[in-house]
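For reference, positions follow the sequence shown, starting with 1. Every value quoted in this text rests on a predicted model; they were computed, and no experiment measured them.
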Amino acid sequence: MLRSHTLNALRKSSRAFSTAMPASSSGSTPVPGLGFQLTEDQLSFQGVARQFAREVIIPAAPHHDKTGEYPVDIIKQAWELGLVNCHIPTEYGGMGLGVFDSAIVSEELAYGCTGIQTAIEANGLAEAPVILAANDAQKKKYLGRMTEEPLIAAYCVTEPGAGSDVAGAKTNAVKKGDKWVINGQKMWITNGGKANWFFLLAKTDPAANAGKAFTGFIVDADSPGITVGRKEWNMGQRASDTRG
């Protein structure tokens with residue numbers, strides 16, 4: 001009931017900036033313009049996120065940073081309040097918030113603990129290419145499940161030898177019959193050991209230029225052949241599960 005009420009409130013959020021009618025320089029007829037005040041709805045879910053950060057995240061943050069324990073219970077509570085997966089479209093069970101609205105929520109969670117916020121927000125990184133490029137069946141299957149229960153997803157692009165040089169990624173995928181066989185290694189994957197599914201980038205045409213050489217795949221975490229590496233002990237943000 002709480003989740004349903006919160007989602008309905010957040011779904012009413014308007015676009016990034018409210019429309020204002022500032023007066024002209026002469027003080028006569030007002031002219032259309034942009035106002036930078038948050039809307040009432042934006043202030044409302046900002047308040048929900050800030051209260052959650054103060055009352056739930058901050059008291060628990062030292063424990064998770066010291067131990068590296070993944071904040072499962074905190075993520076579940078955030079999901080119940082509608083503070084996770086904010087930008088999944090409404091037709092797939094999400095709130096359909098825009099980039100600015102989602103950033104308001106993310107900023108407040110990071111105020112509580114950037115490591116816990118990273119664990120929560122990494123879902124959005126994996127979901128973004130699905131929202132942009134997946135077909136309807138894929139969206140219903142993978143975005144829909146994220147709104148039905150508090151699951152985790154991960155974005156797999158970085159590799160040991162490539163880093164931020166995406167064009168240098170070596171992971172490849174070859175189609176055999178009606179299936180794709182993927183071989184390679186990913187590194188520094190946030191939520192890598194906790195994900196229900198992965199968005200993964202692999203090279204499918206080695207002869208093509210970088211813009212056309214790669215294909216994005218959605219890979220279930222329980223697919224045969226996946227080996228999850230050790231949890232990395234980060235210099236900070238240790239509540240975030242980083243794997244190689």
Side-chain angles (χ1 to χ4, degrees), residues 1-13 16 38-88 93-128 143 145-155 188-199 221 230-243:
M1 194 68 180
L2 175 61
R3 176 173 169 79
S4 176
H5 175 76
T6 305
L7 294 185
N8 287 335
L10 295 182
R11 282 170 179 157
K12 294 178 182 178
S13 170
L38 299 182
T39 66
E40 289 185 9
D41 288 318
Q42 289 168 338
L43 288 171
S44 178
F45 61 74
Q46 182 188 55
V48 171
R50 183 171 298 177
Q51 183 176 0
F52 183 78
R54 286 175 174 169
E55 296 182 2
V56 179
I57 295 180
I58 289 177
H63 167 77
H64 289 282
D65 193 58
K66 289 176 182 177
T67 65
E69 179 185 342
Y70 195 71
V72 175
D73 290 339
I74 292 176
I75 293 174
K76 286 181 179 179
Q77 292 179 65
W79 182 87
E80 288 288 345
L81 288 171
L83 300 175
V84 186
N85 310 313
C86 297
H87 53 280
I88 289 180
M95 293 174 290
L97 298 188
V99 173
F100 182 76
D101 295 338
S102 297
I104 293 172
V105 173
S106 185
E107 180 182 44
E108 296 301 328
L109 299 180
Y111 152 66
C113 173
T114 56
I116 293 174
Q117 180 270 339
T118 296
I120 292 173
E121 189 60 29
N123 269 11
L125 192 60
E127 292 159 354
L143 299 179
R145 71 172 65 166
M146 303 300 285
T147 64
E148 292 169 357
E149 55 182 309
L151 299 175
I152 299 299
Y155 180 85
W188 317 125
I189 304 305
T190 302
N191 290 342
K194 306 296 180 179
N196 176 265
W197 57 269
F198 306 98
F199 169 80
R230 70 178 186 184
K231 173 181 169 61
E232 298 293 335
W233 191 250
N234 301 335
M235 292 180 67
Q237 298 191 338
R238 298 188 185 97
S240 169
D241 185 76
T242 305
R243 303 280 179 146

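In this structure, OG1 in Thr242 is found 8.5 Å from CH2 in Trp188, a value given to the nearest 0.5 Å. The SG atom of Cys113 sits 9.5 Å away from atom CD1 of Ile58, with the distance rounded to the nearest 0.5 Å. Atom OG of Ser240 is separated from atom CD1 of Ile120 by 11.0 Å, given to the nearest 0.5 angstrom. The CD1 atom of Ile88 sits 7.5 Å away from the CG atom of Asn123 when rounded to the nearest 0.5 Å. Rounding to the nearest 0.5 Å gives a distance of 10.0 Å between CE of Met95 and OG1 of Thr147. The distance from atom CZ of Phe45 to atom CG of Leu38, rounded to the nearest 0.5 Å, is 8.0 Å.
Of the candidates Ile116, Thr190, Thr118, Thr118 is the only one forming a side-chain contact (heavy atoms from CB on, under 4.5 Å) with Gln237.
Between the side chain of Lys194 and the backbone N or O of Val72 there is no donor-acceptor pair closer than 3.5 Å. Ser44 contributes no side-chain N or O that, together with a main-chain N or O of Glu40, makes up a donor-acceptor pair within less than 3.5 Å. A donor-acceptor contact shorter than 3.5 Å links the side chain of Gln42 to the backbone of Thr39. One N or O on the side chain of Ser102 and one on the backbone of Gly98 form a donor-acceptor pair closer than 3.5 Å.
Donor-acceptor pairing under 3.5 Å is recorded for the side chains of Tyr70 and Asn191.
Nearest approach of Pro59 to Ala53, heavy atoms of both residues: CD-O, 4.4 Å. Taking each heavy atom of Ala239 and Ala119 in turn, the nearest pair found is O-CB, 4.5 Å. Residues Gly193 and Asp241 share a closest heavy-atom pair of N-OD2, 2.8 Å. In plain terms, the two heavy atoms of Lys231 and Gly68 that are nearest each other are CE-O, 3.2 Å.
Residue Glu69 places its CD atom among more than 12 non-hydrogen atoms of other residues, nucleotides or ligands, all under 6.0 Å distant.
By the 4.5 Å heavy-atom criterion applied to side chains, His64 and Ile74 are counted as neighbours. When side chains are defined from C-beta on, Arg230 counts as touching Glu232, because their heavy atoms get closer than 4.5 Å. Side-chain atoms of Leu109 and Ile57, non-hydrogen and from C-beta on, do get closer than 4.5 Å to each other. Contact check for Leu151 versus Trp79: no side-chain heavy atoms found under the 4.5 Å cut-off. Counting only heavy atoms from C-beta outward, the side chains of Ile152 and Asn196 never approach each other to under 4.5 Å. Looking at heavy atoms from C-beta onward, Leu43 lies in side-chain contact with Gln46 at the 4.5 angstrom threshold. Glu127 has its side chain out of reach of Tyr155: every pair of non-hydrogen atoms, C-beta onward, lies at least 4.5 Å apart.
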For this session: List the steps and the verdict of side chain to side chain contact (heavy atoms under 4.5 Å, CB included) for Trp197 and Arg145.
Result: CA-CA 10 Å; Trp197 57 269; Arg145 71 172 65 166; 4.0 Å; yes
For this session: Please test Val48 against Phe52 for side chain to side chain contact (heavy atoms under 4.5 Å, CB included), starting from the C-alpha separation and ending with a verdict.
Result: CA-CA 6 Å; Val48 171; Phe52 183 78; 5.5 Å; no
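Listed by first and then second residue, the salt bridge (charged side-chain N to carboxylate O under 4.0 Å, His left out) pairs that reach into residues 105-119 are Arg50-Glu108, sequence neighbours excluded.
Remark: Arg238 engages Asp65 in a salt bridge, criterion side-chain N to carboxylate O under 4.0 Å.
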